[in-house]
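Before any comments, here is the structure.
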Amino acid sequence: DSAIDNKEFKVYYQPVIDIHTEKIVSAEALVRWIHPEYGFIPPDRFIPGLEETGLVSKLDMYVFSETSRFIKERSDNNQFIVPISTNLSWMDFYDTNMLDNLLVNLKQEGGPHGYVRFEVTETSYAGMAEKNHSVLKAFKDAGASILIDDFGSGYSSFSTITEYDFDILKLDMGFVRKIGKNSKIGSVIHAIIDMAHHMDMRVIAEGVETEEQISFLRRHGCDYVQGYYYSKPLPMEDFAKMLNEQQSA
């Protein structure tokens with residue numbers, strides 16, 4: 001609570017790039033902890049502990065509020081803005097109050113219709129149990145898009161995407177890293193992209209770092225890419241500068 005109150009948690013934004021135009025088309029909001037005593041603490045050091053104690057929902061709500069404020073401020077000032085997604089932990093779907101508050105805030109602070117997105121992993125989706133469709137439908141009705149994150153990293157990927165109409169599929173970086181190293185990976189990636197398009201989903205490839213990966217994904221019809229090849233996660237000020245530069249161009 002004190003870390004949130006003292007603004008020690010900083011929201012970073014990693015751009016998502018259109019693979020054909022190479023323009024920023026959206027972004028993912030990520031959180032970093034800048035501790036006054038220990039300095040920069042990476043997410044893999046504090047997120048698991050927050051999930052185990054159930055406190056991660058407070059942090060997810062904080063990230064969503066900060067992101068929504070960023071979207072609204074730029075929109076109010078007639079500045080270029082793109083849709084931004086925030087991640088929902090599997091623990092969030094066991095917290096009814098958090099989900100209700102999220103929906104209320106989405107309606108009140110979400111900024112322009114269609115600029116708010118939520119990323120949901122297969123684990124999170126499974127955690128919603130019988131509530132899954134109603135919760136996601138309520139978010140969609142309020143103007144949010146829903147992304148299935150880390151597709152291919154779990155065991156129930158195909159059943160998951162047949163149970164709900166996700167807007168965007170995020171291809172797990174584990175696939176991307178095998179491009180050029182595994183002779184079968186090309187067929188798998190091509191099949192996933194083609195399948196997603198037939199299900200009216202766009203595809204974001206995560207963890208893109210090389211020209212070889214970009215070229216491969218472009219040839220196989222991928223829509224968007226996210227990764228260090230174009231940009232690492234950026235502090236709000238640096239991301240805003242990138243948006244301003246694209247607006248000027």
Side-chain angles (χ1 to χ4, degrees), residues 4 7 9-19 21-32 43 47 56-89 92 98-99 101-121 124 136 138-151 166-171 173 201-208 223-228 230-247:
I4 289 177
K7 302 286 186 179
F9 289 110
K10 303 296 183 183
V11 179
Y12 279 49
Y13 299 90
Q14 187 168 29
V16 173
I17 307 297
D18 185 305
I19 198 168
T21 66
E22 298 192 311
K23 300 293 186 182
I24 303 171
V25 291
S26 63
E28 178 182 0
L30 302 163
V31 65
R32 302 292 185 261
I47 293 294
V56 72
S57 294
K58 285 187 176 182
L59 182 60
D60 288 345
M61 195 72 205
Y62 171 80
V63 173
F64 170 75
S65 296
E66 291 293 298
T67 300
S68 297
R69 187 175 300 111
F70 177 65
I71 292 172
K72 189 173 188 305
E73 286 179 356
R74 289 190 65 87
S75 177
D76 289 345
N77 291 317
N78 294 316
Q79 294 176 302
F80 175 61
I81 187 63
V82 294
I84 298 176
S85 63
T86 55
N87 291 278
L88 296 181
S89 165
D92 295 338
M98 187 269 185
L99 294 175
N101 289 334
L102 190 64
L103 186 59
V104 170
N105 278 269
L106 175 61
K107 292 177 178 179
Q108 293 178 346
E109 304 177 15
H113 187 90
Y115 280 78
V116 173
R117 295 175 171 178
F118 294 112
E119 298 196 14
V120 180
T121 64
S124 298
L136 296 183
F139 289 161
K140 272 200 171 190
D141 289 345
S145 297
I146 310 297
L147 288 66
I148 180 72
D149 193 18
D150 297 335
F151 184 83
F166 292 97
D167 298 292
I168 296 174
L169 179 151
K170 297 193 75 175
L171 185 66
M173 65 177 63
M201 289 185 286
R202 301 300 91 188
V203 178
I204 298 174
E206 298 184 279
V208 176
D223 303 288
Y224 315 115
V225 293
Q226 177 182 353
Y228 277 45
Y230 285 106
S231 176
K232 64 182 180 180
L234 302 169
M236 181 190 71
E237 296 79 9
D238 293 343
F239 179 60
K241 183 179 178 181
M242 284 188 71
L243 293 179
N244 292 340
E245 290 174 349
Q246 183 164 310
Q247 182 177 19

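Below, each value reflects all heavy atoms present in this structure, side chains not excepted, and no hydrogens, waters or symmetry copies. Everything numeric in this text was worked out from a predicted model, so none of it was measured.
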Q: Carefully, step by step, assess Glu28 and Asn87 under the rule side chain to side chain contact (heavy atoms under 4.5 Å, CB included).
A: CA-CA 8 Å; Glu28 178 182 0; Asn87 291 278; 2.8 Å; yes
Q. Going from CD on Glu206 to CD on Glu119, what distance comes out if it is rounded to the nearest 0.5 angstrom?
A. 6.5 Å
Q | Beyond-backbone contact of Leu234 with Lys241, side-chain heavy atoms, under 4.5 angstrom | A | no
(Q) Between Ile17 and Ile24, does the side chain to side chain contact (heavy atoms under 4.5 Å, CB included) criterion hold? Intermediate values first, please. (A) CA-CA 5 Å; Ile17 307 297; Ile24 303 171; 3.8 Å; yes
Q | Non-hydrogen atoms of Asp92 and Ser57 that approach each other most closely | A | OD1-OG, 2.7 Å
Q: Compare every heavy atom of Leu30 with every heavy atom of Pro233, then report the nearest pair and how far apart it is.
A: CG-CD1, 3.7 Å
Q) Hey, mind stepping through Tyr12 and Lys232 against side chain to side chain contact (heavy atoms under 4.5 Å, CB included) and telling me if it holds? A) CA-CA 9 Å; Tyr12 279 49; Lys232 64 182 180 180; over 6 Å; no
Q: Rounded to the nearest 0.5 Å, what's the gap from OH on Tyr13 to OG on Ser85? Could you check?
A: 10.5 Å
Q: Work out which heavy atom in Asp60 is nearest to a heavy atom in Met98; give both atom names and the distance.
A: CB-CE, 3.9 Å
Q) With a 3.5 Å cut-off and no angle check, do the side chains of Asp149 and Thr121 form a donor-acceptor pair? A) no
**Q.** Exercise: identify the closest heavy-atom pair between Val25 and Val82
**A.** O-CB, 3.5 Å
**Q.** Min side-chain heavy-atom separation Ile47-Leu59 under 4.5 Å
**A.** yes
Q: For Leu106 and Ala142, work out which heavy atoms get closest and say how close.
A: CD2-CB, 3.4 Å
Q | Within-4.5 Å side-chain heavy-atom neighbours: Phe118 and Thr86 | A | yes
Q: Report yes if some heavy atom in the side chain of Ile81 is under 4.5 Å from a heavy atom in the side chain of Phe70; otherwise report no.
A: yes
Q | Any side-chain donor near an acceptor of the partner, Gln226 and Gln14, under 3.5 Å | A | yes
Q: With rounding to the nearest 0.5 Å, note down the distance linking CG in Leu243 to CD in Glu245.
A: 9.5 Å
(Q) Treating Asp167 as the side-chain partner and Ile146 as the backbone partner, does any N or O pair qualify as donor plus acceptor under 3.5 Å? (A) yes
Q. Taking side chain as C-beta onward, heavy atoms only, is Phe139 less than 4.5 Å from Leu99?
A. yes
Q. When rounded to the nearest 0.5 angstrom, what distance separates CG in Asp141 from CG in Leu136?
A. 11.0 Å
Q) Does a salt bridge link Lys10 with Glu237, judged by any charged N lying under 4.0 Å from a carboxylate O? A) no
Q.
For the CD1 atom of Ile168 and the OG atom of Ser145, what is their distance to the nearest 0.5 Å?
A. 6.0 Å
Q. Has Lys140 got more than 12 heavy atoms of other residues, nucleotides or ligands less than 6.0 Å from its NZ?
A. yes
Q. Do Val225 and Tyr230 pass the side chain to side chain contact (heavy atoms under 4.5 Å, CB included) test, and can you show the C-alpha distance, the side-chain angles, and the key distance before you say yes or no?
A. CA-CA 9 Å; Val225 293; Tyr230 285 106; 3.6 Å; yes
(Q) Has Arg74 got a side-chain atom pairing as donor or acceptor with Phe80's backbone, closer than 3.5 angstrom? (A) yes
Q: Check whether any side-chain N or O of Tyr115 sits under 3.5 Å from a backbone N or O of Ser75 as a donor-acceptor pair, and report yes or no.
A: no
Q: Give the minimum heavy-atom separation between Val11 and Glu66, together with the two atoms involved.
A: CG2-CB, 3.8 Å
(Q) Could you tell me if the side chain of Ile204 sits less than 4.5 Å from the side chain of Leu147, heavy atoms only? (A) yes
